[in-house]
*Asks:* 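Sharing a structure, written as structure tokens. Questions coming.
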Amino acid sequence: MTFAELGLSPKVLSAVTDAGYTTPTPIQAGAIPHAIEGKDVLGIAQTGTGKTASFVLPMLTRLERGRARARMPRTLILEPTRELAAQVEENFIKYGKNHRLNIALLIGGVSFDEQEKKLERGADVLIATPGRLLDHFERGKLLLTGVDIFVIDEADRMLDMGFIPDIERICKLIPFTRQTLFFSATMPPEITKLTQQFLQAPVRVEVAKPASTNINITQKLVKTGSKPWAKRARLRELIRGEGDQLKNAIIFCNRKSEVATLFRSLARHEFDAGALHGDMDQRARMMMLDNFRKGKLSLLVASDVAARGLDIPDVSHVINYDIPTHADDYVHRIGRTGRAGRSGKAFTLVAKGDAKYLDSIEKLIGEDVEWLDGDLSTLEAEDQGDEKPQRGKKAGGKSTSEDSRNTRTRKRKPSASSEADTPQEAKTPEVAAEEKIEKPREERKSAIKASNSKSRARNRDDDAPIGFGDNIPDFMKVPGKV
DNA sequence: AAAAAAC
């Protein structure tokens, strides 16, 4: 089977050939002919199966007839995250290089002006995250009555993120005569219901290939102490131990605050690291991802915003700094490596107390993951000696910041051994970009809370009802308060 | 328990 047999237009075909592809993936072979015919498609596939091209290519072919009118986009593609939306735009640019199409990307965190201009000019392709799309719609900058092709990508993730009501709303604004292409990695009951609602006599194309069975990925568990400094030290040791084998790595944390902390720590230890999480300013997000893709950064510390769908062909390692508490996240995370036929390694740091999460992961993927060192039984013992191997520190201090304080005050150079093992060119502009990273929301929130409660405490009782002065009736008083 | 997404 070749791309030439799928019914794509010559313009599209030549762009595909130029990109170096000749053989379609199963999802592409299954979906493209039907999509070109104008049929609805239900695609069940993980990312990394060539899913994006399976809707981009037929859409380009179909878009060759007709042109866009102002404020009336001809197609709409919904994506759950900003990065995925941007990635789809890249695909339209790459495969649409022989076309003259107006592409508009509507995502949050960036200015409205440019997006409005593109809508005004008439968009052939509109790629959006739900929030910003509805925002434009409510401002009257957009009519969806001209949409001929509607794509819902990563539907199960949209469900996880609570986007379904938004999607239902958007769906009602699009003519029912449209063609709908619907993609999801899994088919939970809610999603099945949605497909019955949105799709008409769809062609079902299923590519069952969960990332966990990807034989290109070598999975290993890594024993670690549970204290933050101990985990960071173990991580550095792990990275250095991989030496040249580690070309680049995505390091996943469970919390945005942990991403920020770990990123700063790695940067101080002269690692070539970047960070990515949802509370960062959008420009920094784009820059980090871009530099990681281009190889200017070898480590990317990320939250689960990067777990699904991100297509970076050449990631040698995925490291779960925190074990994912949802087993499917594990599958998605490690699926960022071992892509496009390459081999990849996936390490998961396991500390005392992570056993139950490990259990559900192994249950889901249907196999036991090998330990790099030791095993679950040695974990407990290991954690007893969890004292920080340095003296002269204030006991009972916050171990979280100690680790960074050391290097900040001393600014020591990396040791000879680490110099050999760690990626060089450490004087990255990304370290300077550290300042651009916003504080995680929770930190901001607690800061606000602290200052609020302080000012409130000056005035009067926190929970006292307003308007009674000191004569609060008994029944209005908060129980337990004097 | 947390992440993502709108000003």
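Just so we're on the same page: letters track the sequence lines, and every chain starts at 1.
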*Asks:* Look at the side chain of Arg255(A) and decide which nucleotide, out of dA4(B), dA6(B), dA2(B), has an atom nearest to it.
*Replies:*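 Of dA4(B), dA6(B), dA2(B), dA2(B) is nearest to the side chain of Arg255(A).
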*Asks:* Glu83(A) CD to dA3(B) P: how many Å, rounded?
*Replies:*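 The distance from CD of Glu83(A) to P of dA3(B) comes to 15 Å, rounded to the nearest Å.
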*Asks:* Measuring only between side-chain heavy atoms, which start at C-beta, is Asp311(A) closer than 4.5 Å to Glu90(A)?
*Replies:*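 Answer no - side chains too far apart.
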*Asks:* Any base atoms under 4.0 Å from Arg308(A), or only sugar-phosphate, or nothing? Heavy atoms, all strands.
*Replies:*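 Nothing, no heavy atom under 4.0 Å.
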*Asks:* With a 4.0 Å cutoff (strictly under), does any side-chain N or O of Arg82(A) reach OP1 or OP2 of dA6(B)?
*Replies:*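 Result: yes.
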*Asks:* In whole angstrom, give the distance that lies between atom NE2 of His277(A) and atom C1' of dA1(B).
*Replies:*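 In whole Å, dA1(B) C1' and His277(A) NE2 are 17 Å from each other.
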*Asks:* With sugar-phosphate meaning primed atoms plus P, OP1 and OP2, does Asp304(A) contact a base, only sugar-phosphate, or nothing at under 4.0 Å between heavy atoms?
*Replies:*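 Nothing: the residue Asp304(A), judged by heavy atoms under 4.0 Å, touches no strand.
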*Asks:* Please report, rounded to the nearest Å, how far the C1' atom of dA2(B) is from the CG atom of Asp329(A).
*Replies:*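 Rounded to the whole Å, the gap is 9 Å.
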*Asks:* In this structure, how many angstroms lie between the P atom of dA6(B) and the CD atom of Glu116(A), rounded?
*Replies:*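 Rounded to the whole Å, the gap is 15 Å.
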*Asks:* Identify the heavy atoms of Arg339(A) and Ile312(A) that sit nearest to each other, and give their distance.
*Replies:*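 Taking every non-hydrogen atom into account, CD-O, 3.6 Å.
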*Asks:* Tell me the interatomic distance from Asp153(A), atom CG, to dA4(B), atom C1', rounded to whole angstroms.
*Replies:*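 The answer, rounded to whole Å, is 15 Å.
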*Asks:* Which nucleotide in the set dA5(B), dA3(B), dA6(B) lies at the smallest distance from any side-chain heavy atom of Glu138(A)?
*Replies:*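 For Glu138(A), the side-chain atoms sit closest to dA6(B).
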*Asks:* Can Gln245(A) and Lys345(A) be counted as having a side-chain donor-acceptor contact under 3.5 angstrom?
*Replies:*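 Note: Gln245(A) and Lys345(A) side chains meet the donor-acceptor criterion.
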*Asks:* Let me check something: any side-chain donor-acceptor pairs from residues 50-58 of chain A under 3.5 Å, sequence neighbours excluded? List them with distances.
*Replies:*
residue: Lys51(A); atom: NZ; partner: Asp153(A); partner atom: OD1; Å: 2.8
residue: Lys51(A); atom: NZ; partner: Glu154(A); partner atom: OE2; Å: 3.0
residue: Ser54(A); atom: OG; partner: Lys51(A); partner atom: O; Å: 2.5

*Asks:* What I want to check is whether an N or O donor and acceptor connect the side chain of Thr325(A) with the base of dA1(B) at under 3.5 Å.
*Replies:*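 Indeed, a donor on one side and an acceptor on the other fall under 3.5 Å apart.
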*Asks:* Look at the side-chain N and O atoms of Thr81(A) and state whether any lies under 4.0 Å from the OP1 or OP2 oxygen of dA5(B).
*Replies:*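 Looking at the OP1 and OP2 atoms of dA5(B), neither is under 4.0 Å from any side-chain N or O of Thr81(A).
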*Asks:* Please classify the nucleic acid contact of Gly162(A) as base, sugar-phosphate, or nothing, using heavy-atom distances under 4.0 Å.
*Replies:*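 Counting heavy atoms under 4.0 Å across all strands, no contact is made by Gly162(A).
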*Asks:* Using whole Å, what does the distance between atom C1' of nucleotide dA3(B) and atom CG of Asp279(A) come to?
*Replies:*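 Taking atom C1' of dA3(B) as the reference, CG of Asp279(A) is at 10 Å.
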*Asks:* Report the distance from atom CG of Leu105(A) to atom P of dA6(B), rounded to the nearest whole Å.
*Replies:*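 My rounded result for the distance is 10 Å.
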*Asks:* Could you check how far CD of Glu79(A) sits from P of dA3(B), rounded to whole Å?
*Replies:*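 The distance from CD of Glu79(A) to P of dA3(B) comes to 22 Å, rounded to the nearest Å.
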*Asks:* Going by atom type alone, with no hydrogens or angles, which donor-acceptor pairs under 3.5 Å involve a side-chain atom of residues 356-365 of chain A and a protein atom two or more places apart or on another chain?
*Replies:*
residue: Ser360(A); atom: OG; partner: Tyr357(A); partner atom: O; Å: 3.0
residue: Glu362(A); atom: OE2; partner: Val369(A); partner atom: N; Å: 2.9

*Asks:* Reckon Thr129(A) has a side-chain N or O less than 4.0 Å from the OP1 or OP2 of dA6(B)?
*Replies:*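 For dA6(B), OP1/OP2 do have a side-chain N/O of Thr129(A) under 4.0 Å.
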